[in-house]
Asks: 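Please read through the structure below; I'll follow up with questions.
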Amino acid sequence: MSLSSSSPLLSVRNLKVHFPVKNDLFAEKRVVKAVDGVSFDLYPGETLGIVGESGCGKSTLGRAVLKLIPSSAGTVVWLGRPLEDASKSALRSLRREMQIIFQDPLAALDPRMTVGAIVAEPLDTFEPGMAEQDKRARVVEAMERVGLPSHLINRYPHEFSGGQCQRIGIARALILKPKLLVCDEPVSALDVSIQAQIINLLKRLQTEENLALIFISHNLSVVRRISDRVMVLYLGKIAELAERDEIYRNPRHPYTQALLSAVPIADPDKERAKKRVSLTGDLPSPINPPSGCVFRTRCPIVIEKCQSVVPVLEPVTDSHTVSCHRWREAIQLLME
Amino acid sequence: MSVTPLDAAGVAMPAQGTSLWTSARRRLMRNRAAMGGLIVLIIIAALAILAPYISAHAMDDISWEDIGAPPDWANGYYFGTDSNGRDLFARTLYGARVSLMVGVLASIVSLVIGVTYGAVAGYLGGAVDNVMMRIVDILYSLPFMFFVILLTVFFGRNIFLIFVAIGAVEWLDMARIVRGQTMALKHREFIEAAHAFGASSPAIVRRHIIPNILGPVMVFVTLTVPKVILLESFLSFLGLGVQEPMTSWGVLISDGARDMETAPWSLLFPATFLAVTLFSLNFLGDGLRDALDPKDR
Amino acid sequence: MTVSQEQPGWKTGNQTPLLVVDQLVTRFATPDGSVSAVNGVSFHVNKGETIGIVGESGSGKSQVLMSIMGLLPHNGTSTGSVKFDDREILGMSREQLNKIRGTRMAMIFQDPMTALNPYLTVGQQLTEVLTFHQGTNPAMAREQAREVLEQVHIPEPGKRLDMYPHELSGGMRQRVMIAMGMLCRPDLLIADEPTTALDVTIQAEILDLLAEQQAVTGTSIILVTHDLGVVAGLCDRVMVMYGGRIVEQGPVRDIFYDPQHPYTRALLLSMPRLDDDLSGDLPTIAGQPPNLAQMPPGCAFAPRCAFVSEQCRQAVPPLREIAPGRAKACTLDRLVA
């Protein structure tokens, strides 16, 4: 994936999403910093994987990029146009270019509507007055594209398995031919044998339609399968961002290394022989994040500097940035 | 090519799906208590509608020879007569008209106000919701009986006032239920999905929220009808109900209770009708709840 | 020895197995008729052994556990035999079962929040187990509870005893669950997807903890999971379930390096891994997981199987021994990778 060729589809700069916390009467006003200063570019046809553990803000980031939840600061520029300035109706019309699919495929479908009606709904919004016949043809085409036989058009979501429901969700998201699809843990709720089907489907659709994907997942193996670049989030901040092969082969941030080494490998000998970077303690509260580097409370190679100085994203190579004071020696230190 | 046709599973699905409504109806049909209740209700409703054709006497005909007569099939007083010599059979059926009508109409009034109010409060949320629900709380705290007595003092005894009074109280419950359901639905992913492809708020409420709360609402309506009938009977029992010679089950029971010792049938028949109706409605409501929400069993 | 004829493939030596499950069938009465979730499952667990049960949704893996523990919902019934330490426990009364559950057999659930009482402190729940089952006096029990929390590496165990479950993080709660399970030093620990709800770094710690606890106490573990990676690291033997039956079982290395059932093989291939080759598509298994209410007459995997023959669609292939300690339920003679 070359990143230089075209202009970015999406430019996110210093995006922050802070939620107010219901506070006690006299306590000071507190916020959860779900996303705290994230910047990245996304190019047409590219897949950006976002990984991190629960509470790292990856789902919030995906929704904030689509403006489904308001951001507190920062900008999202869509094809050169800042979305912060867009009016409500302008934003609505932009929605046909950016879509989302969800983790729980059944919950994302209205249980009282037929598959045909569900898939056709974006058409009703953006192309009202379309003739029934044309609409049906579009729906059938969308269904077939995701591998759903068109004779199932009059059935209801609860009659389908999880994988099929996710296909319905994808058909609905793609019927307007968007340029960007945010996938929020799209395979996490599915069985292993079905995961592979959906991953392959997304990859194929992406190449066929030059679709850009933001693929959010906690599963590093799945993200590796589908992404061109990978962003590792920790407590709302980017820990590391690099091209796929680079980040999996040459992780620089101690958190990335811990994550990668914690993934169980389906190979008894390798799994039992592998060396693990173990972390201490739990994820700190995003209401009260640690000073300095947010990762320092769990970092195995923490030094004094980490407590006082907030690390910035430093370039390792042109396309690899990491936010750690000790990224140069992290691998060596952790392997000892 | 890696599209995996779903037909590979070998289980060919029929083209027409079973909607949640269809399967709920099927489950309801299998529920004997609910179906029994429904049949009884249909019979009682039919009797009430056909009252003038099947009773041998008019409901307000006074027969001086038959004051407080026991049931007598020969001269058409199937349920006997009351202390004014009027046919109790005819009066019970006419009473059914009033009671059922009050029940159904007041429930519809509460349904319309309650669903609109609750859905708006639940969907908009925030400060609007807060204000709207505090109003409901205030209305709750008003003494209902006092309110009804005031109304009847000002406007006289009027059947429409009873609808208004009862409907005005019952919608509060409905609004609370609908609001809760709406708030739960609002955070479901399919609503979020609708936002994501740019559907407007009115469209979301109309297409997604209302159809999905209809189930619980229907259950609540079937359980509201007996409550309202009972309320009307209670008001009539207190003498605040319908005007003579019109009658309702509450009025009949009230009169019957007075003559209980000399003419037990004048209490027995209307009370039986009322009890059977209430039972049936409750069975139907329970059946509907089970049918619409099988997970909760 | 009580291993039945239908249970091929196990050379148990002279050792008496701790748990013997024989022809377990579990059915559920649903509004749409009876559904069988487990169709004749037989296996055994030796002392100090970790066995893994792997399967997807609808495989019946969790129902096997629930049947063993006597925790089926009211519409479920089990037939067959479950012998724990040579005593039949299937169909035992609740009182009798309670003497075994919690002392000799303990269970860890996927979601610790549902298994812990939100209204009691961690300490109250831990000491309750001891005072109830062993009649320990409260002060002693508290001390023992503190020790066991320390064993599962909970920092400041004394302080945690007075906390409520919701005040702990997910990983910490799962540790408390494990502590609770280990408290009475059970002979058998049953873990139902113990790490599925946890983050990957926490999962690794919990798996390490399970292995460590086993090394210390010598307890047997049944680990049920959908994640083959978890099984690879922890288990001695593996059973693969599909459609309510065991389709393949054997030592862990054999299952992973020489899978003999088409389903096991396809499952291993279709799983994205950190070390796999990214060229080309991920191999997939066509079709959908089995619907227990509409099972095909023959092999449950037949509709999705790449090697299906007419024979497979007619009758369920029996689980047969293919090598010492290995069995599969497939008509194919040999599957070459």
Asks: Please flag which part of Leu269(C) lies under 4.5 Å from any non-hydrogen atom of chain A: side chain, backbone, both or neither.
Replies: neither
Asks: Using heavy-atom distances under 4.5 Å, tell me whether Ile199(A) contacts chain C through its side chain, its backbone, both, or neither.
Replies: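 Contact with chain C involves the side chain of Ile199(A) alone.
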Asks: Run the numbers on Ser270(C) and Gln195(A) for side-chain contact (heavy atoms from CB on, under 4.5 Å), then give the verdict.
Replies: CA-CA 8 Å; Ser270(C) 67; Gln195(A) 276 186 7; over 6 Å; no
Asks: Among the options Asp267(A), Leu260(A), Val263(A), pick out the one with the most heavy-atom pairs lying under 4.5 Å from chain C.
Replies: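 Ranked by contacts with chain C, first place is Asp267(A).
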Asks: With ring pair (Phe, Tyr, Trp, His ring centres under 6.0 Å) as the rule and sequence neighbours excluded, what pairs involving residues 226-249 of chain A come up?
Replies: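 Found Tyr234(A)-Tyr255(A), Tyr234(A)-Phe295(A).
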Asks: For chain A, find which of Gly58(C), Cys235(C), Gly171(C), Gly170(C) contributes the most heavy-atom pairs closer than 4.5 angstrom.
Replies: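 Top count of heavy-atom pairs under 4.5 Å with chain A: Cys235(C).
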Asks: With a 4.5 angstrom heavy-atom cut-off, which part of Lys274(A) approaches chain C: side chain, backbone, both or neither?
Replies: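 Contact with chain C is absent: no heavy atom of Lys274(A) under 4.5 Å.
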Asks: Is it the case that the side chain of Gln197(A) and the backbone of Ile285(C) share a donor-acceptor pair, with hydrogens and angles ignored and the cut-off at 3.5 Å?
Replies: yes
Asks: Can you name the closest pair of heavy atoms from Ala266(A) and Leu228(C) and give their distance?
Replies: CB-CB, 4.1 Å
Asks: I need the minimum non-hydrogen distance between Lys270(A) and Asp275(C), along with the two atoms involved.
Replies: NZ-OD2, 2.7 Å
Asks: Looking only at heavy atoms, which of residues 198-206 of chain C get nearer than 4.5 Å to chain A?
Replies: Asp199(C), Val200(C), Thr201(C), Ile202(C), Gln203(C), Ala204(C), Glu205(C)
Asks: Can you name the residues that form a salt bridge (Lys or Arg N to Asp or Glu O under 4.0 Å) with Glu150(C), not counting sequence neighbours?
Replies: Arg146(C)
Asks: Sub-4.5 Å heavy-atom contacts with chain C: which residues of residues 184-192 of chain A show up?
Replies: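 The stretch touches chain C at Asp191(A), Val192(A).
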Asks: Do Asp276(C) and Arg224(A) pass the side-chain contact (heavy atoms from CB on, under 4.5 Å) test, and can you show the C-alpha distance, the side-chain angles, and the key distance before you say yes or no?
Replies: CA-CA 10 Å; Asp276(C) 61 0; Arg224(A) 178 169 170 269; 2.7 Å; yes
Asks: Quick one: what part of Ser278(A) sits under 4.5 Å from any heavy atom of chain C, side chain, backbone, both or neither?
Replies: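 Ser278(A) has no heavy atom closer than 4.5 Å to chain C.
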Asks: Which bit of Arg276(A) is near chain C, if near means a heavy-atom gap under 4.5 Å: side chain, backbone, both or neither?
Replies: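 Answer is side chain: those atoms of Arg276(A) sit under 4.5 Å from chain C.
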Asks: Given the options Asp245(A), Ile265(A), Leu220(A), which has more heavy-atom pairs under 4.5 Å with chain C than any of the others?
Replies: Ile265(A)
Asks: Heavy atoms only, distances under 4.5 angstrom: which of Ser221(A), Ser161(A), Gly55(A) has the most pairs with chain C? Name it, please.
Replies: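 Most pairs with chain C among the choices: Ser221(A).
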Asks: Between Arg244(A) and Leu278(C), does the side-chain contact (heavy atoms from CB on, under 4.5 Å) criterion hold? Intermediate values first, please.
Replies: CA-CA 11 Å; Arg244(A) 182 200 45 214; Leu278(C) 290 176; 3.4 Å; yes
Asks: Could you tell me which portion of Asp254(C) (side chain, backbone, both or neither) has an atom closer than 4.5 angstrom to a non-hydrogen atom of chain A?
Replies: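 Asp254(C) has no heavy atom closer than 4.5 Å to chain A.
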Asks: Given the options Pro264(A), Gly163(A), Ala262(A), Pro268(A), which has more heavy-atom pairs under 4.5 Å with chain C than any of the others?
Replies: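 Counting heavy-atom pairs under 4.5 Å, the top option is Pro268(A).
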Asks: Measure the shortest side-chain to side-chain distance between Asp269(A) and Phe256(C) over non-hydrogen atoms and say whether it is less than 4.5 angstrom.
Replies: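 The answer is no, as the side chains (C-beta and beyond) never meet within the 4.5 Å cut-off.
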Asks: Checking side-chain contact (heavy atoms from CB on, under 4.5 Å) for the pair Arg225(A)/Arg273(C): CA distance, chi angles, key distance, verdict?
Replies: CA-CA 8 Å; Arg225(A) 251 294 148 184; Arg273(C) 289 161 50 152; over 6 Å; no
Asks: Can a salt bridge be assigned to the pair Asp281(C) and Lys203(A) using a cut-off of 4.0 Å between side-chain N and carboxylate O?
Replies: no
Asks: With heavy-atom distances below 4.5 Å as the criterion, would you say the side chains of Ser193(A) and Arg304(C) are in contact?
Replies: yes
Asks: So which residue, Met271(C), Arg253(C), His153(C), Met172(C), ends up with the most heavy-atom pairs under 4.5 Å with chain A?
Replies: Arg253(C)
